[in-house]
Amino acid sequence: MMMMMGEMWAKPGSLVAGAMFLWVMFQQCMPHQFRSYIEKYSQKLVSFVYPYIQITFQEYSENRYRRSEAYVAIENYLSVDASTRAKRLKADVIKDSQSLVLSMDEREEVREEFKGVKLWWASDKTPPKMQTFSFAPAADEKRYYKLTFHKNHREMIVGSYLNHVMKEGKAIEVRNRQRKLFTNNSRDTWYGYKKAVWSHVAFEHPARFETLAMEPKKKEEIINDLTIFSRRKEYYSKIGKAWKRGYLLYGPPGTGKSTMIAAMANLLDYDLYDLELTSVKDNTELRKLLIDTRSKSIIVIEDIDCSLDLTGQRKKKKEKEEDEESKDNSITKKGKEDESKVTLSGLLNVIDGLWSTCGEERLIVFTTNYVEKLDPALIRRGRMDKHIELSYCCFEAFKVLAKNYLDLDSHHLFASIRRLLEETNMTPADVAENLMPKSISTDDPGTACLENLIQALETAKEEARVKAEKEEEEERLKAEKEGKEKEATAGEVKEKETSGEEVKENGVSALRENGVIPKEPPST
Ligand SMILES: Nc1ncnc2c1ncn2[C@@H]1O[C@H](COP(=O)(O)OP(=O)(O)OP(=O)(O)O)[C@@H](O)[C@H]1O
Ligand SMILES: [Mg+2]
């Protein structure tokens, strides 16, 4: 008997079906005058026969951009229980592409007991509105979890139990978390069953700050800045600022900007969002992308000067006429029919407007090779809180590379390398390349590599010298030419003066010099 009762309680669904059947029978058999009477009490009857409460947790609620946090937490929470109890499971490889994480499959049910109270979790999905014969999942299918429990325990379940589920679920997510590298999808994949604005791969970059070649003091400063940021939740809320920080990394190609971003992600254990701006169509798309990022992440926009024409230059006349009506400083990607309409103001809005407060603990990193080309509005303090210059390899940086690549702390060739590095510019990427052993047969690979580097540095120095000489020569020739032109103009003026012509020569020649008024051909 106990067994039967237990099974009955375990299947509240079948009870509902029974009640529905009875209700239909009542409607059919009862005389009309009794019906209203019965209807009046049916509610009470149902709640007596079926004293359960159900709560539904949708994966995507109405008009919401993001996956519901509650749904994700429940999914994680149930993954522990479900793997031992549910019969149909879904498997996914998560941590470091090694461990398997199991979760409940659709239309599966698990029973749980919390402080002696029984409850049921079921996963399901709403059927599509339009019935089509296709094996692919329909666009409007919606997945959800349903929690069923006895109404006597309402307060306890809604209060402490659900809190417990959310907390546990989030903790499990952190434990299982495989860091990801996201990249934005094209708009076509944004809707439908698999709607995803970002797609990802596991992020497994070996870069660390320890192996990053740069001045130790500067490195220390950056590490401190990042660590302090990540521990300052309360501080940010106290001063009323969104918990985010902007970094601008600039420097010539090959100086380690991308490498530093990877090192940052590894240091803080953050996800990376590599935002390719050229494939974002407009500001709305940009906003949607940013809102769909998770906290504890770094949003990267590489080569910002190339992604957008953010140089603050005036647009060409033709372009200007075309979008006269859009008063925004609309930035157009040249050469394409389908122009990117992400504007500078749109980007700034996303960085520090109201939208930036959706989600917390985020870094925004911009990289560029030409910092001087960027619009000052983009890089002012508060927007880009920290500007980090990555430049050519100095001796301190070289020492890090020598340690990494050759396991050398000191060497008699270090002195000449130091001198050469002071005299010439070489990027850490080039230095690193020269430190890679070129053959496996040498007895002393360290010395061979250092000699290699010295040679490369000397060549670079020589090339730089030749280039500088050439430039000097060109400069000299230019100055000479200008000098001659000036002389010619001066001669002309004198001629005019002596011929009694009334000209305010100083003013006019200055204007001519500046090209404001065309130069007159020298009189013969
Ligand atoms: N400071 C550095 N420390 C260690 N390795 C470096 C450093 N800078 C460059 N490298 C090496 O050089 C390669 C290129 O560096 P990276 O891609 O980070 O340059 P970048 O500054 O992002 O260049 P770009 O402006 O072209 O994107 C990397 O694979 C890395 O191993
Ligand atoms: Mg790079």
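Order of appearance sets the numbers: ligands from 1, and atoms from 1 within every ligand.
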Steps toward side-chain hydrogen bond (donor to acceptor under 3.5 Å, both in side chains) verdict (Ser199, Asn185): CA-CA 6 Å; Ser199 41; Asn185 291 335; 2.6 Å; yes
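Between the side chains of Thr343 and Asn283, at least one donor N or O lies within less than 3.5 Å of an accepting N or O.
When each of Glu361, Lys296, Lys180, Arg294 is checked for a side chain to side chain donor-acceptor pair (under 3.5 Å) with Tyr270, only Glu361 meets the rule.
Applying the salt bridge (charged side-chain N to carboxylate O under 4.0 Å, His left out) criterion to Glu221, with sequence neighbours excluded, gives Lys386.
For a heavy-atom separation below 4.0 Å, the residues in contact with ligand 1 are Thr211, Leu212, Ala213, Pro253, Gly254, Thr255, Gly256, Lys257, Ser258, Thr259, Asn369, Leu401, Pro428, Ala429.
A salt bridge links Arg245 with Asp225: at least one charged nitrogen is closer than 4.0 Å to a carboxylate oxygen.
Glu473 CD: more than 12 foreign heavy atoms inside a 6.0 Å radius.
None of the N, O or S atoms belonging to Thr259 lies under 2.8 Å away from the Mg ion (ligand 2).
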